[in-house]
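Please read these numbers as outputs of a predicted model, since none were measured by experiment.
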Amino acid sequence: MTDLTKTPADAHNGGPMVKAEGVHKSYGLVEVLKGIDLEVQQSEVFCLVGPSGSGKSTFLRCINHLEKINGGRLWVDGELVGYRQRGDKLHELKDREVALKRRDIGMVFQRFNLFPHMTAVENVMEAPVQVKRESKAAAKEHAMALLERVGLSDKAGNYPSQLSGGQQQRVAIARALAMKPKLMLFDEPTSALDPELVGEVLDVMRGLAEEGMTMIVVTHEMGFAREVGDALVFMDGGVVVESGNPRDVLTDPQHERTRAFLSKVL
């Protein structure tokens, strides 16, 4: 069976898929990110955990330039995010250039953000047709294969209002995969779901991990982080407090702040 999630092997430059150096982000006088340094390797499932307001989601949005950083550097697959460097100066890319690079990064939000007037298959087809100018026939064939991949081929003709929250989120994952991204960002993808629907979304994410998709996951699902994650970062107050192998951090945290947080969520 064709792997629908992978980009060509030569599309990756061999270094880390994501690299952050001293990333700062402020909203007015409020400093949300206070110098984030981290690396995400190719095919790694990288989990970000921490209390609300710690900067996790903001950092995720900086990776695809939905938020502009105020300091530091961010690279995806060896290329600066949102900027071009000439000498020692950074020049912000034009919106069209940013959008072009963003095509390689899939993002799944807490809220599903599906187009309510489109069926499941039309939602998945939309970006390849509009952005990549794929033919409708080719886009539909690929979209149907992706819906099958997330277990929803029988719901292709349903509108979002006719789907459960878990089904809508799986359509949203298929929609992100339709652009054949090299990196997937998940911003608490199960937090808006009823508890009994969480498992079906996590199962799809497990499948992506097994296929080698590079994923950064902001999550409160510590079981998923322990079982599927390759690396885990605990953030608080806009800084990385602790990082390491998820099983090590979750079972034997070294920092008091990490221990206090985990005691409330495990």
Side-chain angles (χ1 to χ4, degrees), residues 5 15-23 25 32-63 74 76 106-110 150 165-166 169-170 173 183-266:
T5 65
M17 180 60 79
V18 177
K19 183 175 182 178
E21 282 187 359
V23 170
K25 173 64 184 176
V32 180
L33 300 176
K34 302 174 182 176
I36 302 295
D37 297 297
L38 56 79
E39 289 188 2
V40 180
Q41 305 305 321
Q42 186 183 17
S43 299
E44 193 168 53
V45 179
F46 192 97
C47 297
L48 287 171
V49 304
S52 296
S54 58
K56 310 181 301 296
S57 294
T58 298
F59 178 69
L60 208 65
R61 292 170 66 85
C62 290
I63 293 172
L74 253 176
V76 171
M107 188 157 186
V108 178
F109 300 89
Q110 296 178 40
V150 300
Q169 193 61 295
R170 285 186 279 156
I173 293 172
L183 170 67
M184 284 284 283
L185 309 177
F186 292 88
D187 188 5
E188 299 189 30
T190 60
S191 66
L193 301 179
D194 292 333
E196 66 267 25
L197 302 177
V198 168
E200 62 190 48
V201 173
L202 294 181
D203 284 344
V204 171
M205 294 170 66
R206 285 188 188 92
L208 292 178
E210 289 167 3
E211 293 167 7
M213 174 61 74
T214 310
M215 300 158 60
I216 304 179
V217 186
V218 173
T219 185
H220 294 296
E221 301 291 337
M222 299 303 162
F224 174 85
R226 181 188 291 109
E227 176 193 345
V228 183
D230 299 299
L232 182 143
V233 157
F234 171 66
M235 286 179 64
D236 189 31
V239 300
V240 172
V241 176
E242 188 164 345
S243 62
N245 179 287
R247 288 155 288 287
D248 294 340
V249 175
L250 293 174
T251 57
D252 187 24
Q254 300 302 299
H255 196 284
E256 177 55 40
R257 181 67 189 93
T258 316
R259 287 195 288 270
F261 172 76
L262 293 175
S263 71
K264 294 172 182 165
V265 299
L266 290 178

Exercise answer: donor-acceptor pairs, residues 224-241 side-chain atoms, under 3.5 Å, sequence neighbours excluded:
unit_1	atom_1	unit_2	atom_2	d
Glu227	OE1	Arg206	NE	3.3
Glu227	OE1	Arg206	NH2	3.2
Glu227	OE2	Arg206	NE	3.0
Asp230	OD2	Val45	N	2.8
Asp236	OD2	Arg257	NE	2.6

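- Side chain to side chain, Thr214 and Gln42 fail the donor-acceptor criterion of an N or O pair below 3.5 Å.
- Contact annotation: the side chain of Leu202 approaches that of Glu221 to within less than 4.5 Å [non-hydrogen atoms, C-beta and beyond].
- Using a 4.5 Å heavy-atom cutoff, the side chains of Met222 and Val49 are in contact.
- Distance NE2/His220 to OG/Ser191: 6.5 Å, rounded to 0.5 Å.
- Of the candidates Val32, Val218, Leu38, Leu38 is the only one forming a side chain to side chain contact (heavy atoms under 4.5 Å, CB included) with Phe59.
- The side-chain heavy atoms of Met205 and Met215, taken from C-beta on, include a pair separated by under 4.5 Å.
- Looking at heavy atoms from C-beta onward, Leu74 lies out of side-chain contact with Lys19 at the 4.5 angstrom threshold.
- Between the side chain of Asn245 and the backbone N or O of Arg247 there is at least one donor-acceptor pair closer than 3.5 Å.
- With contacts defined as side-chain heavy-atom distances shorter than 4.5 Å, the pair Asp187/Val108 does not qualify.
- A heavy-atom distance below 4.5 Å is found between the side chains of Val40 and Ile216.
- Note that the CG atom of Leu197 and the CZ atom of Arg170 stand 8.5 Å from one another [nearest 0.5 Å].
- Atoms OG and CG, from Ser243 and Asp248 in turn, are 11.0 Å apart once rounded to the nearest 0.5 Å.
- Listed here is the closest heavy atom pair of Lys56 and Pro51: NZ-O, 3.1 Å.
- Expressed to the nearest 0.5 Å, how far CD of Gln41 lies from CE of Met17 amounts to 10.0 Å.
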Please report the C-alpha distance between Phe261 and Glu242 in whole Å, then the side-chain angles of each, then the deciding distance to 0.1 Å, and finally whether the side chain to side chain contact (heavy atoms under 4.5 Å, CB included) criterion is met. CA-CA 12 Å; Phe261 172 76; Glu242 188 164 345; over 6 Å; no

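- If you take CZ on Phe186 and CG on Leu208, they are separated by 5.5 Å, rounding to the nearest 0.5 Å.
- Taking all atoms of both residues into account, the shortest heavy-atom contact from Gly166 to Leu193 is N-CD2, 3.6 Å.
- The shortest heavy-atom contact between Glu39 and Phe46 is O-CE1, 3.4 Å.
- Leu185 CG to Ser57 OG: the interatomic distance, rounded to the nearest 0.5 Å, is 11.0 Å.
- The shortest distance between side-chain heavy atoms of Thr58 and Leu33 falls below 4.5 Å.
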